[in-house]
A.B. asks: 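This is the structure I want to talk about, given as structure tokens.
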Amino acid sequence: QVQLVESGGGLVQAGGSLRLSCAASGRTFTMYRMGWFRRPPGKGREFVASITWSGGNTDYAHSVKGRFTISRDNAKNTVYLLLNILKPEDTAVYYCAAGTNDSWGSWGQGTQVTVSS
């Protein structure tokens, strides 16, 4: 079990930026990857970005590629998501996740990101 604590959400104007943080604790040695998902209002959860813990290999959803950047600080067991050129459609609850190579087993509580037009 990995515990995840998120921070950094808030209200921002379209075109602005925000950085989300997620600190992991517990059985962090089991983590193969960490990632971010989001749930827009009235919609289901969708994948945003992920990064492997050791190699730093990244994946992005098409909708955010080129605007968002995921990174990690292994020494701090922390993953970040930099959200640039924000759009109103980016408004969602953003969730941090951690998992093995084939499953996402741990989730954060979520942090609200609201982008105004």
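In this text the structure is predicted, and so the values were computed from the model without any measurement. Computed from heavy atoms alone, side chains included, the values below leave out hydrogens, waters and symmetry copies.
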A.B. asks: Hey, are the side chains of V79 and I70 touching, using non-hydrogen atoms and a 4.5 Å cut-off?
C.D. replies: yes
A.B. asks: Would you call F68 and L86 a side-chain contact if the rule is heavy atoms closer than 4.5 Å?
C.D. replies: yes
A.B. asks: Is the side chain of S50 donor-acceptor paired with the backbone N or O of M34 at a distance under 3.5 Å, no angle test?
C.D. replies: no
A.B. asks: For E6 and T111, does a side-chain donor sit closer than 3.5 Å to a side-chain acceptor?
C.D. replies: no
A.B. asks: Give the minimum heavy-atom separation between S21 and W36, together with the two atoms involved.
C.D. replies: O-CH2, 3.8 Å
A.B. asks: So do the side chains of R38 and V64 get within less than 4.5 Å of each other, counting heavy atoms only?
C.D. replies: yes
A.B. asks: Establish, from distance only, whether the side-chain atoms of T114 and Q112 form a donor-acceptor pair under 3.5 Å.
C.D. replies: yes
A.B. asks: Within the 4.5 Å heavy-atom criterion, are N57 and I51 side-chain neighbours or not?
C.D. replies: no
A.B. asks: Taking all non-hydrogen atoms of both residues, which atom of G26 and which atom of Q3 are closest, and how far apart?
C.D. replies: CA-OE1, 3.5 Å
A.B. asks: Find out whether R67 and K87 are in side-chain contact, i.e. whether some heavy atom of one side chain is under 4.5 Å from a heavy atom of the other.
C.D. replies: yes
A.B. asks: Looking only at heavy atoms, which two atoms of V93 and G110 are closest? And how far apart?
C.D. replies: CG1-CA, 3.8 Å
A.B. asks: Side chains of E89 and S63: closer than 4.5 Å at any heavy-atom pair?
C.D. replies: no
A.B. asks: Ring centres of Y95 and F37 under 6.0 Å apart?
C.D. replies: no
A.B. asks: So, taking the atom named CG in L82 and the one named OG in S17, what distance separates them when rounded to the nearest 0.5 Å?
C.D. replies: 6.5 Å
A.B. asks: Compare every heavy atom of D90 with every heavy atom of V115, then report the nearest pair and how far apart it is.
C.D. replies: CG2-CB, 4.3 Å
A.B. asks: Compare all side-chain heavy atoms of R45 with those of W107 and state whether any distance is below 4.5 angstrom.
C.D. replies: yes
A.B. asks: Could R72 and Y80 be counted as a cation-pi pair, given that NZ or CZ must be under 6.0 Å from the ring centre and within 45° of the axis?
C.D. replies: no
A.B. asks: Restricting to non-hydrogen atoms, name the atom on S117 and the atom on A14 that form the minimum distance, rounded to 0.1 Å.
C.D. replies: CA-CB, 4.4 Å
A.B. asks: Kindly compute the distance separating CG (L4) from CE (M31), expressed to the nearest 0.5 Å.
C.D. replies: 7.5 Å
A.B. asks: Is any side-chain heavy atom of T30 less than 4.5 Å from a side-chain heavy atom of T100?
C.D. replies: no
A.B. asks: What is the distance from atom OG1 of T91 to atom NZ of K43, rounded to the nearest 0.5 Å?
C.D. replies: 10.0 Å
A.B. asks: Looking only at atom types and distance, does a side-chain atom of N74 sit under 3.5 Å from a main-chain N or O of W53, one as donor and one as acceptor?
C.D. replies: yes
A.B. asks: Between A24 and V2, which heavy-atom pair has the shortest distance, and what is it?
C.D. replies: CB-CG1, 3.9 Å
A.B. asks: Would you kindly confirm whether F47 and L83 end up in one hydrophobic cluster when ILVMFWY residues are joined by side chain heavy atoms under 4.5 Å apart?
C.D. replies: no
A.B. asks: Same cluster or not: are Y60 and Y94 linked, directly or through other Ile, Leu, Val, Met, Phe, Trp or Tyr residues, by side-chain heavy atoms under 4.5 angstrom apart?
C.D. replies: yes
A.B. asks: Mark yes or no for whether T28, through its side chain, and S25, through its backbone, hold a donor-acceptor pair below 3.5 Å.
C.D. replies: no
A.B. asks: Transitively linked via ILVMFWY side-chain contacts under 4.5 Å: V12 with L81?
C.D. replies: yes
